S.K.: 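Pasting a structure here, questions to come.
All of these numbers come straight from a predicted model, not from anything done at the bench. Hydrogens, waters and symmetry mates play no part in the numbers below; they use all other heavy atoms, side chains included.
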Amino acid sequence: MNGEFDLNYFREEIIKMDRQDFANLMGIEMVTLKAWEEDPDNLTMRIYKEIATKTDYTLEQLFSFKNQIYLPWELDNTIIEEREKLLKTAFENEQIFEKSLVKVKREELGEETELNVAEVKEYFEELKKIGPLCRNVLNKPLVAFVGGSDAGKSSLINVILGENILPTAFQPMTAAINYVYHISDKPTNIGEDDNTVVVRSDHKLVVNISNLQEMIESDEYIVAIGQTNLIREYGLNKYNEESSEEKSQELTYIFTFIDAPILTGLAFIDTPGISANEKDNQTALRAYQYADVTIYLSQMASFLREEDMAFIKQIIDSSSREFDQAGQAPFNNLLFVGSHADSVGNSDISEIFNRAVARFLNVQTSTYFAKFGPTYSPQAFRSRFYASDIKNIQLSQAFKQVFIKMMENIVRFKINQCKVLYRSTIEEMIVAGKQIELRLTARINSPVTKESLKKYKFQQIEEELLRLSNAKKEVSIKDFHSVYTKMFAVNSIEELIKKKEFKNKQEDKKQLVVLLQNMVDETLQKILTENSADFSSKMNGSIKKFNDFFYSENFDFTNLFIKSSTGVATSLGIYGAFSVLFGSLGNLGGYILVTQMAGFLSSVGLYGGTVSGAATAISAIGGPLTLALAVIVFSGLVAFNIFGDGWMRKYARQVIKQFERLGVEQKYTAEIVKYWDDTAKVTAETIKKVEEEYAQHQRETAQTIQAEMPFLQELMQLVESYRISESKKVL
């Protein structure tokens, strides 16, 4: 053998195990392990072979680890420099513009004057957030590594970074959400000698780099601050399993800041392995939802098993399409990686990928990819599959190249998006300012309408929309029952088995169950989408009618209804059919990310502002319009062993009985009821909120408006001058 074997180095740096765990693995006493580490002469060839076997390495690898050096991956430095330059310019621009805003306010209204006209105040607050809006877009893309506990996620991240930062081993290790950022991203309130922060909180709190500094200051959720050894101490299953019953629903987040080249342009999220246990599954799902890019790993020897399929479908369904724009390839933020590729022959890799794609497609409906757009296809999906092996550079080369190219394209996209966002936001603010000026001018001269008539109008629209919601609930239930009954007829299931050419095998029977689950999902999605679209269309007509009534007083009923419904839905955590209305606003197109909208708009100061400003902010996020359903029945179904002739009809009956036993139709019907009940609740709360807004509107006097009108006009002039000079300042 070449080189010498250093057991202590191998244990601590390669497999990341403490002495007790390694002694348990080898079945020896601690005193024996200590003797092995202190005097290599105690190690015989038999012991070397036993260490290799139990840690899944070869003898040759054991004697080469000391000399093994990972060359860190890097992105094109010119792209990184362009992003950093734009970030710096945006920040400087923001400071200059905010100082100009303060100066205008001081000169027009005085030092401590409060703004009383809501529209002017909102306009002023939105203008202050032009800079942060762009900086939000320029945030480093987050790359989540997702997959089974044995897939090698942490090992691959270590290779990309060029150093062993994350714990790796043959057993499930990671139980925390590990963020890995560049050292330059470290919050200023972390000590100079520290680079790792451990945070623990419940599922309700969003924990990310944007609020880490604030958490450290409050010290409410911080568990520890120190060096990278905290990753092993708090990030493994052992620590999380020892948590008290009271804290069993909490998540552990670990932020690590290191000087790795590739982290100048992106950041990583290492997730727990799926299927290790239910809590790790939920933690992994939570983690990838934060990410811009997902790398799904699975061991090549058992590539994409049945339990992987559900996770992959969920990732594809909820993945943003924003990076697929401007001629980019479909699924441009997804890669599927077969790890430990050296365990199979080169000639087998392509066939393994082809079989995995075929298995995935076999449990989807025939129109699955078509719903994403004309460029999405099985071929486009297959093109996202690559092999990787941390011990074989050649096998990983194609993945390395496509990963780096993909990330460079995404950073470029964010740079261009920032530039476009600056232009569009300024243009929208100019238009919004002119509209506010026109409305306020008209309000000064508008006649006062009887209050009793206004009260009646609010009651009228609430009753109208609630009747519409209840009607759509009944239609949705009826439509779903009709389709479900036809789908779960014996003859229908027999025909499906024949069409898919399923055989009398356990694997095929499991796939049939998954296919039926997906068919029911898509049926409900289709029914709710169609009825929601009709509800939204009719609601738009009602809103326009009431907006026309209030037009004489320049009370923008439509704008306030949309803002209020957005705020109500987000605060209650329910959306119902309003998700379709949100998805049709302005330049949102078919995209919205309702669950993130309030937090994002608050962070940039646009929440509650003009519709155009909100549209710009949300379009910067991107994300598909999806109807989230909580019904999962696969885990409760059983694939029965049925032999002999006529097995298809017998198994069809068994499947129908199983779905009946689990009350699948009732569960989905309950989802329909909840969906429309949520719609009704949002409707009622929105009308109440709009009525309150109207009362506030009436209390504002023409005198107050006249006093603040010059200030508004000065703000508009400032924005106009900013548009003229923006090419010099920003672009």
S.K.: For a side chain to side chain contact (heavy atoms under 4.5 Å, CB included) check, start with the C-alpha distance between Lys85 and Lys88, then their side-chain angles and the critical distance, and finish with the verdict.
M.R.: CA-CA 5 Å; Lys85 181 180 178 182; Lys88 180 181 178 182; 5.8 Å; no

S.K.: For Asn178 and Thr256, which I'm curious about, is there any donor-acceptor pair between the side chains at under 3.5 Å?
M.R.: no

S.K.: Heavy-atom count check: over 12 atoms from other residues, nucleotides or ligands less than 6.0 Å from Lys681 NZ?
M.R.: no

S.K.: Before you tell me yes or no, could you show the steps for Glu125 and Lys128 under salt bridge (charged side-chain N to carboxylate O under 4.0 Å, His left out), namely the whole-Å CA-CA distance, both residues' side-chain angles and the distance that decides it to 0.1 Å?
M.R.: CA-CA 5 Å; Glu125 293 300 322; Lys128 290 197 298 186; 3.3 Å; yes

S.K.: Nearest 0.5 angstrom please: Ile315 CD1 to Asn333 CG, how far?
M.R.: 10.5 Å

S.K.: Could you tell me if the side chain of Val199 sits less than 4.5 Å from the side chain of Ile222, heavy atoms only?
M.R.: yes

S.K.: Using every non-hydrogen atom in the two residues, find where Pro141 and Asp292 come nearest and quote the distance to one decimal.
M.R.: CA-OD2, 3.2 Å

S.K.: Distance-only, no hydrogens or angles: does the Thr271 side chain make a donor-acceptor pair with backbone N or O of Phe145 under 3.5 Å?
M.R.: yes

S.K.: Measuring only between side-chain heavy atoms, which start at C-beta, is Ile231 closer than 4.5 Å to Ile165?
M.R.: yes

S.K.: Would you find a donor on one side and an acceptor on the other, under 3.5 Å apart, between the side chain of Ser564 and the backbone of Phe561?
M.R.: no

S.K.: So do the side chains of Glu126 and Thr425 get within less than 4.5 Å of each other, counting heavy atoms only?
M.R.: no

S.K.: Output yes when a side-chain donor or acceptor of Gln417 lies under 3.5 Å from a complementary backbone atom of Val137, and no otherwise.
M.R.: no

S.K.: Mind checking the CD1-CH2 spacing from Ile262 to Trp73? Nearest 0.5 Å is all I need.
M.R.: 7.0 Å

S.K.: Applying side chain to side chain contact (heavy atoms under 4.5 Å, CB included) to Tyr221 and Val207, what does each step give before you reach the verdict?
M.R.: CA-CA 10 Å; Tyr221 302 100; Val207 178; over 6 Å; no

S.K.: Side chains of Leu715 and Val719: closer than 4.5 Å at any heavy-atom pair?
M.R.: no

S.K.: Quick check with a 6.0 Å cut-off and a 45 degree axis cone: is Arg321 positioned over the face of Tyr376's six-membered ring?
M.R.: yes

S.K.: Using the rule given for ring-ring contact (aromatic ring centres under 6.0 Å, His included), can you reason through Phe711 versus Phe124, listing the C-alpha separation, both sets of side-chain angles and the distance that settles it, and then say yes or no?
M.R.: CA-CA 10 Å; Phe711 174 58; Phe124 179 65; 5.5 Å; yes

S.K.: List for me each residue that meets side chain to side chain contact (heavy atoms under 4.5 Å, CB included) alongside Asn208, sequence neighbours excluded, and say none if there are none.
M.R.: Tyr179, Val206, Ser210, Asn211

S.K.: Closest heavy-atom contact between Glu119 and Ile436?
M.R.: CB-CG2, 3.7 Å

S.K.: Indicate yes or no: at least one non-hydrogen side-chain atom of Leu266 is less than 4.5 angstrom from one of Val411.
M.R.: no

S.K.: For the residue pair Tyr675 and Ala577, what are the closest heavy atoms and their distance?
M.R.: OH-CA, 3.3 Å

S.K.: If we ignore hydrogens and angles and just use 3.5 Å, is the side chain of Ser339 paired with the main-chain N or O of Ala151 as donor and acceptor?
M.R.: yes

S.K.: Can you measure from CG (Leu421) to NZ (Lys414) and round to the nearest 0.5 angstrom?
M.R.: 11.5 Å

S.K.: Roughly how far, to the nearest 0.5 Å, is the CZ atom of Arg83 from the CG atom of Leu86?
M.R.: 9.5 Å

S.K.: Assess whether side chain to side chain contact (heavy atoms under 4.5 Å, CB included) is satisfied between Leu263 and Phe268, documenting all intermediate values.
M.R.: CA-CA 8 Å; Leu263 296 178; Phe268 289 140; 4.0 Å; yes

S.K.: Enter the distance from Ile295:CD1 to Arg384:CZ here, rounded to the nearest 0.5 Å.
M.R.: 8.5 Å

S.K.: Taking atom NE2 of His182 and atom CD1 of Ile258, what is their separation to the nearest 0.5 Å?
M.R.: 8.5 Å

S.K.: Go through the steps to decide whether Ile190 and Phe255 satisfy the test side chain to side chain contact (heavy atoms under 4.5 Å, CB included), and finish with yes or no.
M.R.: CA-CA 11 Å; Ile190 296 178; Phe255 294 82; over 6 Å; no

S.K.: Of all heavy-atom pairs between Ser298 and Asp308, which one has the smallest distance, and what is that distance?
M.R.: OG-OD2, 4.1 Å

S.K.: Please name the pair of heavy atoms, one in Ile209 and one in Asp185, separated by the smallest distance, quoted to 0.1 Å.
M.R.: CD1-O, 4.1 Å

S.K.: A quick test of your reading: do over 12 heavy atoms of other residues, nucleotides or ligands sit less than 6.0 Å from NZ of Lys689?
M.R.: no

S.K.: Do Val337 and Phe399 have side chains that get closer than 4.5 Å, going by heavy atoms?
M.R.: yes

S.K.: Flag the pair Phe97 / Leu718 as yes when at least one side-chain heavy-atom distance between them is below 4.5 Å, and no otherwise.
M.R.: yes

S.K.: Is a side-chain donor or acceptor of Asn189 paired with a backbone partner of Gln213 at a separation under 3.5 angstrom?
M.R.: yes

S.K.: Testing Ile254, Val197, Thr196 one by one against Leu230 for a side-chain contact (heavy atoms from CB on, under 4.5 Å), which residue passes?
M.R.: Thr196

S.K.: Please report the shortest heavy-atom distance between Lys121 and Leu115, naming the atom on each side.
M.R.: CA-CD1, 3.7 Å

S.K.: Is the number of heavy atoms from other residues, nucleotides or ligands within 6.0 Å of CD (Glu214) greater than 12?
M.R.: no

S.K.: Measure the shortest side-chain to side-chain distance between Phe413 and Asn332 over non-hydrogen atoms and say whether it is less than 4.5 angstrom.
M.R.: no

